[in-house]
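What follows is a set of notes on a single structure, which appears directly below.
Whatever order the structure lists them in is the order used to number ligands and atoms, beginning at 1.
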Amino acid sequence: MAVDLLLGLQWGDEGKGKIVDVLTRNYDIIARFQGGPNAGHTLEFDGIKHVLRTIPSGIFHPSAVNVIGNGVVIDPVVLVQELEGLEKFDIDYRSKLILSRKAHLILPTHRLLDAASEASKGKAKIGSTLKGIGPTYMDKTGRNGLRVGDLELDTFETRYRALAEKHETMIRHYEVDLEYDLPEMEAEFFNAVAKLRELTFIDSEAYLNDALKQDRKILAEGAQGSLLDIDFGTYPFVTSSNTTAAGACTGLGIGPNRIGEVYGIFKAYTTRVGSGPFPTELFDETGERMAKTGNEFGAVTGRPRRCGWLDLVALKYAVQVNGVTQLMMMKADVLSKFETLKVCTAYEYNGEVIEHMPFSIEKENVTPVYTELRGWDQDLTELTSADQLPQELQDYITFLEKHLDVPVKIVSVGPDRTQTIYR
Ligand code: GDP
Ligand code: IMO
Ligand code: MG
């Protein structure tokens with residue numbers, strides 16, 4: 001039995017939450033492998049919208065086990081808020097959610113360090129979600145971090161104190177104006193920690209490998225997107241984890257030979273939230289229309305998402321670094337009623353036309369080369385099967401498939417679970 005992966009191929013917010021929820025009925029276990037509460041994964045069914053941050057998107061299904069893997073960074077405060085949100089819906093998370101002992105913890109001072117670092121960068125800021133992600137992964141690789149398993153030890157508070165004090169010195173070093181009440185943040189943190197201790201902590205790598213032996217089906221849920229990957233993204237405007245396929249191996253403790261399908265998910269256009277280069281970004285009413293129709297506001301921070309045409313240079317690169325075997329195209333409904341659609345198939349890069357992702361895609365280096373395709377006039381949101389898709393949309397998809405050499409297996413035509421078309 002293999003582990004299938006579901007990964008975002010753009011700058012995040014592709015619709016991973018929706019599709020993981022849709023696919024969960026085919027799986028026994030859903031496992032998050034990286035990122036933390038910087039993620040906001042939206043699911044919609046029965047007229048209710050849910051946003052998950054750390055909890056895998058399989059939690060609403062009756063039987064699936066949801067694993068928060070070792071590669072994830074957990075903020076107890078946010079996780080407890082998420083759990084409280086689930087209580088309203090009678091979700092028995094105690095039996096369905098398990099945490100890796102090796103997952104690192106986000107401390108209140110990690111959040112402050114994130115804020116101090118961003119403030120010190122001024123205009124060059126990353127546009128971080130300020131959830132403490134960068135500083136927590138820095139402590140992980142710097143070998144200073146605290147992990148879920150440490151909550152089971154008597155030394156936790158002493159070690160917490162030592163690390164928090166070190167962070168306070170670092171925060172002062174930034175010499176930026178930050179207003180905060182650390183004792184209050186810490187009281188909130190320790191309250192949440194007490195609640196977290198009621199959950200099940202496991203050695204998740206052993207659990208997942210045993211599950212594979214028992215032929216249980218596992219879906220690994222990515223967070224963020226390939227262009228935010230720490231190695232392959234638009235560095236330094238990236239997140240601090242490997243969002244690409246290899247991250248699932250290190251973030252769950254499974255061998256590369258156990259990976260089965262790699263589902264790559266993308267929007268029919270492109271969005272980005274936060275700073276950083278975005279060659280196909282639109283600053284006109286077309287971009288505004290995408291943002292409005294697509295309701296493009298960040299699920300975590302509420303910030304407006306920047307919008308632009310589909311970038312096949314970037315998408316091809318993401319397909320390549322992840323070894324994508326099947327594609328899923330989201331938000332096709334948002335492109336309805338555009339007379340002409342543009343797709344970027346190459347970049348003019350320092351006077352040359354190139355089709356691969358160069359070292360830097362900053363505006364001064366890159367001008368997108370577009371191919372124009374015909375749009376469709378029809379509303380898609382009520383469609384239920386692939387043969388109902390308008391011809392122009394089928395042509396759009398065929399164009400992408402030829403370019404990317406991977407089939408598009410799912411077309412999403414609305415936020416609800418049911419608005420999902422299989423090809
Ligand atoms: P994630 O982070 O990849 O899970 O994506 P987000 O939840 O942050 O953002 C995707 C947004 O698009 C959410 O508000 C979804 O409800 C919504 N969405 C997902 N699929 C579709 C779709 O096919 N059409 C429309 N209109 N909205 C969608
Ligand atoms: P999901 O899983 C979109 C962006 C931030 C910022 C950069 C670094 O919902 O797709 P960080 O908080 O990690 O230090 O921010 O990455 N970012 C996301 N953008 N979707 C996300 O997650 C994101 N997580 C982080 O906006 O530009
Ligand atoms: Mg999101």
Side-chain angles (χ1 to χ4, degrees), residues 6-22 32 34-45 48-54 56-57 72-73 75 106 110-111 113-115 117-118 121 125-138 221-230 233-241 243 265-269 271-278 290-306 328-336 379-381 383 410-421:
L6 183 128
L7 309 165
L9 300 182
Q10 295 162 318
W11 278 290
D13 302 329
E14 295 89 352
K16 298 174 290 293
K18 165 178 167 163
I19 290 296
V20 170
D21 172 58
V22 167
R32 270 279 301 268
Q34 46 68 234
N38 49 348
H41 293 182
T42 315
L43 292 71
E44 255 186 73
F45 53 89
I48 300 174
K49 180 167 150 176
H50 304 270
V51 180
L52 296 170
R53 312 281 300 280
T54 334
S57 302
V72 176
V73 290
D75 185 334
I106 302 176
H110 282 131
R111 276 187 274 143
L113 279 168
D114 212 356
S117 165
E118 283 284 79
K121 285 187 167 146
K125 72 175 182 185
I126 308 298
S128 162
T129 59
L130 303 179
K131 303 299 165 197
I133 306 297
T136 307
Y137 278 115
M138 281 163 75
E221 173 178 0
Q224 289 79 56
S226 303
L227 303 177
L228 290 170
D229 181 276
I230 183 72
T234 46
Y235 194 88
F237 301 101
V238 293
T239 191
S240 298
S241 64
T243 60
I265 176 167
F266 66 100
K267 279 179 192 168
Y269 49 102
T271 65
R272 169 162 212 173
V273 60
S275 333
F278 178 177
M290 284 175 186
K292 196 159 173 253
T293 318
N295 193 22
E296 296 295 357
F297 294 93
V300 174
T301 56
R303 290 179 291 177
R305 296 179 184 142
R306 302 153 63 191
M328 296 164 173
M329 187 171 91
M330 310 300 287
K331 297 193 127 175
D333 55 301
V334 176
L335 291 189
S336 286
D379 171 45
L380 308 178
T381 54
L383 303 187
I410 284 182
V411 180
S412 176
V413 293
D416 193 87
R417 245 185 208 171
T418 55
Q419 292 170 304
T420 310
I421 293 178

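Summary of contacts: the protein heavy atom closest to atom 5 (C) of ligand 2 is Gly127 O, 3.5 Å. Looking only at heavy atoms of the protein, atom 14 (O) of ligand 2 is closest to Ser128 OG, 3.2 Å. The protein non-hydrogen atom at the shortest distance from atom 26 (N) of ligand 1 is Asp333 OD2, 2.8 Å. Of the protein's non-hydrogen atoms, Leu228 CD1, 3.9 Å is the one closest to atom 4 (C) of ligand 2.
Between the Mg ion (ligand 3) and Gly40 there is an N/O/S contact shorter than 2.8 Å.
In summary, the atoms of ligand 1 found under 4.0 Å from a heavy atom of Gly17, numbered by their order in the structure, are 4 (O).
Lys267 is listed as a side-chain neighbour of Glu296, based on a closest heavy-atom distance under 4.5 Å.
Between Ala268, Ala223, Gly414, it is Gly414 that holds the heavy atom closest to atom 21 (C) of ligand 1. Proximity annotation for atom 9 (O) of ligand 1: of Arg305, Met330, Lys16, Arg305 comes nearest, heavy atoms only.
Contacts with ligand 1 closer than 4.0 Å are made by heavy atoms of both the backbone and the side chain of Lys331. Contacts between Phe237 and ligand 2 below 4.0 angstrom, taking non-hydrogen atoms only, are absent altogether. By the criterion of a heavy-atom distance under 4.0 Å, both the backbone and the side chain of Val273 are placed next to ligand 2.
Residue Leu130 has no nitrogen or oxygen atom sitting less than 3.5 Å from a nitrogen or oxygen atom of ligand 2, judged on distance alone.
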